[in-house]
Amino acid sequence: MKLIFPETKEEFLQASLKAYFHGVNMFGGCCGTTPEFIKLLSNKLRNKPPILRKTVDRYYLSTRTKTIDINKLSKPIFIGERINPTNKKKLQEELFKYNLSSVKEEARSQVQSGASILDVNVSIHDVNEEKLLINAVNQIQEIVSVPLCIDSSNFCAMEQAVKNCTGRPIINSVNGEYERLDLILPIAKKYGTVLIALTSNDKGIPKTMEDRLDIAAKILDYSSHFGIERKNIIFDYLVLAVSSSPDQVQETLKAMKKSKILYPECKLVLGISNISFGLPSRQTINSTFLKMAISAGLDFAIVNPHENWNIDNPIARNLLNNKDKGAVKYIETFASFKECKSRTSTKKITLNQQLYYSILNGDKESVSNVLDRIIKYININDLFKVVNDNVLKALSVVGEKFASKNFFLPQIIMSAQAAQKAFVTLKSVLSNKSKEKKYMVENKIIMATVKGDMHDIGKNIVGIVLESYGFKVIDMGINVDSRSIIKKAEEINPIAIGLSALMTTTMLEMEKIIALKNANHIPTKVIVGGAALTKKFADDIGADAYAKDAIDAALCINEFVKIKNM
Ligand code: THG
């Protein structure tokens, strides 16, 4: 067995040089490269100065798996506003208990309805906001892959949340108060975020566009001392309710237009829904105002993405242009107006679909919740089918997404754990309430990391996924000698033995185990996996299957089960 690097020295050199010219400053060789490789590279690059990376004019937001070129998205870019406890009693109660089920559901559904970014605000009285916001950020990132806009006035919570964002988030927000600028600007600089700046100060929101632009100028000047470039600042010229401040709508729009001339590098954002406060058919005003704000140069809109954003109503325009005093005409027209039905995701989805989505999204908490509700209405004999159909369908979609690189390992693990939770519930219900145990015939699988090898991350993941498929996994741990494995197999007659090894040296141990199994005439199949393994190696040592990852292992073992039951 020899470890090799698949490329030649020259190919390695060419690839490295290409990276050098793109601005990489440090080089090395991975497993299988030899001192020759490094010497060749070092001869070329030694004493060469690092290439300075070109700073590009465009800018990006990013997450674990995505980089979003803000200039390439069509305007306005929707920032989903619904993760915010203001006026949401149920959400407040949940947050008070550090329960993030609704937060996660809002994250999923807003993205489904077209939000490109999610605003995250979990600020309520009497909680540890720092802890809650970190948890929220982490859990949202596991469910969706859009960038986040962290909305908090607690600067410690802000810093921790930004730190926990994988990628580049937006900070929402600073304003013209120096105390706040002094706390937030260093965070924006340190973590390289984009920053929303409100044009208000300790006296509130100025009445005129000139005063708001003055605050903007002050913020730009002050930020430059912290090394923050203009292009990373998004101005919010602030929206007041048209019902109470009808003359202010135009000040905001005028300030935005002027800002685009004075500071073309700075983008613009507005929280749209304030505008319609206290009036009927808020969607009509919100959407009509959005159209006007886009004409004034709006780049980002903080909105409820489930609302209908296609409305452009002349009566609402009149009101917004301050030509309908007291909103008389508007209210007359819309007071008894039925809201246009929102787009897709306020549509109720069935419980079965909810089960499917909680597995797909890896949402353990909602799995039990949904299952409890399903159990209440369903005939126990149908439960198995419902769980099987929805959970297995979700797992197979997860598997497909993994294969096509749209899902990554954390998502696989979370879905698997959610599915496992469903199976555990199913098992307990069935064994309590039904004698039809035939459904629950348990296929056992022995899992072990072979002797000499201490690595078990991969094995543990496979174990979790296999359990989620309903198998009973007997995990023998790490550094397990061949005799113990065979003894255990004789004892419990598993459907398969899964062997894991990370190192090229320890994977040879697998061959011994298979030989010992054959010598003892144990009919159990052996499936092998590990970073350095190949299908060919598995064939050479006489394994029944090679699994490249956890999903692959589950599919292989399902095949074993089918064959056994034939
Ligand atoms: N600028 C910036 N950030 C902002 C705002 C802004 N963040 C907060 C806010 N304004 C935008 N976000 C929200 C979030 C919730 C609500 C309104 C604006 C809200 N919505 C429903 C209501 O009006 O009753 C809640 C009820 C529900 O839908 O369930 O309260 O201007 N930079």
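Every value quoted in this text rests on a predicted model; they were computed, and no experiment measured them. Just follow the structure's listing: the first ligand is 1, and inside any ligand the first atom is 1. Numbers for residues simply follow the sequence, beginning at 1.
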Undergrad: Any idea which of C149, G271, P85, G80 brings a heavy atom closest to atom 10 (N) of ligand 1?
TA: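 Looking at heavy atoms only, the winner is G271.
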
Undergrad: Counting heavy atoms only, which part of K88 comes closer than 4.0 Å to ligand 1: side chain, backbone, both or neither?
TA: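 For K88, the contact with ligand 1 is made by the side chain alone.
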
Undergrad: May I ask you to decide whether E94 forms a salt bridge with K90, counting only side-chain N to carboxylate O separations under 4.0 Å?
TA: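 Salt bridge: yes.
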
Undergrad: Check each heavy atom of E307 against ligand 1 and say whether those closer than 4.0 Å belong to the side chain, the backbone, both or neither.
TA: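 It is neither; nothing of E307 touches ligand 1.
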
Undergrad: For D119 and ligand 1, does the shortest N/O to N/O distance drop below 3.5 Å?
TA: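 No, D119 has no N/O under 3.5 Å of an N/O on ligand 1.
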
Undergrad: Tell me the nearest of N87, N274, I79 to atom 26 (C) of ligand 1, using heavy-atom distances.
TA: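 It is N87 whose heavy atom sits nearest to atom 26 (C) of ligand 1.
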
Undergrad: Side chain or backbone of S273 under 4.0 Å from ligand 1, or both, or neither, by non-hydrogen atoms?
TA: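 The part of S273 near ligand 1 is the side chain, not the backbone.
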
Undergrad: Measuring from K189:NZ to I228:CD1, what's the distance to the nearest 0.5 Å?
TA: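 K189 NZ to I228 CD1: 7.0 Å, rounded to 0.5 Å.
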
Undergrad: Please classify the N121 to ligand 1 contact at 4.0 Å (heavy-atom distances, strictly less than): side chain, backbone, both or neither.
TA: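 Looking at N121 and ligand 1, no heavy atom falls under 4.0 Å.
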
Undergrad: Charged N to carboxylate O below 4.0 Å: is that the case for E93 and K97?
TA: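 Salt bridge: no.
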
Undergrad: Would you confirm whether any non-hydrogen atom of the protein falls under 4.0 Å from atom 18 (C) of ligand 1?
TA: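 At least one protein heavy atom is under 4.0 Å away.
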
Undergrad: For the atom pair CG (L395) and CD1 (I359), what is the distance rounded to the nearest 0.5 Å?
TA: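 L395 atom CG to I359 atom CD1 measures 6.5 Å (nearest 0.5 Å).
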
Undergrad: Is it the case that atom CZ in F226 sees more than 12 heavy atoms from other parts of the structure closer than 6.0 Å?
TA: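 Yes, because the 6.0 Å sphere around CZ of F226 holds more than 12 heavy atoms from other groups.
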
Undergrad: Can you list the residues that meet the side-chain hydrogen bond (donor to acceptor under 3.5 Å, both in side chains) rule with R373, with sequence neighbours excluded?
TA: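 Here no residue qualifies.
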
Undergrad: Is I272 in contact with ligand 1, taking contact as a heavy-atom separation below 4.0 Å?
TA: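 No, I272 has no heavy atoms under 4.0 Å from ligand 1.
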
Undergrad: Using a 6.0 Å cut-off, check whether atom OH of Y356 has over 12 heavy atoms from anything other than its own residue.
TA: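 Atom OH in Y356 is packed in, count exceeds 12.
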
Undergrad: Going by heavy-atom distance to atom 2 (C) of ligand 1, choose the closest among I196, D236, N304.
TA: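 Nearest heavy atom to atom 2 (C) of ligand 1 lies in D236.
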
Undergrad: Please identify each residue that fulfils side-chain hydrogen bond (donor to acceptor under 3.5 Å, both in side chains) with E400, with sequence neighbours left out.
TA: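 With sequence neighbours excluded, E400 shows a side-chain hydrogen bond (donor to acceptor under 3.5 Å, both in side chains) to no residue whatsoever.
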
Undergrad: With backbone taken as N, CA, C and O and side chain as the heavy atoms from C-beta onward, which portion of D151 lies under 4.0 Å from ligand 1: side chain, backbone, both, or neither?
TA: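 Just the side chain.
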
Undergrad: Any heavy atom of T86 sitting closer than 4.0 Å to ligand 1?
TA: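 So T86 counts as touching ligand 1.
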
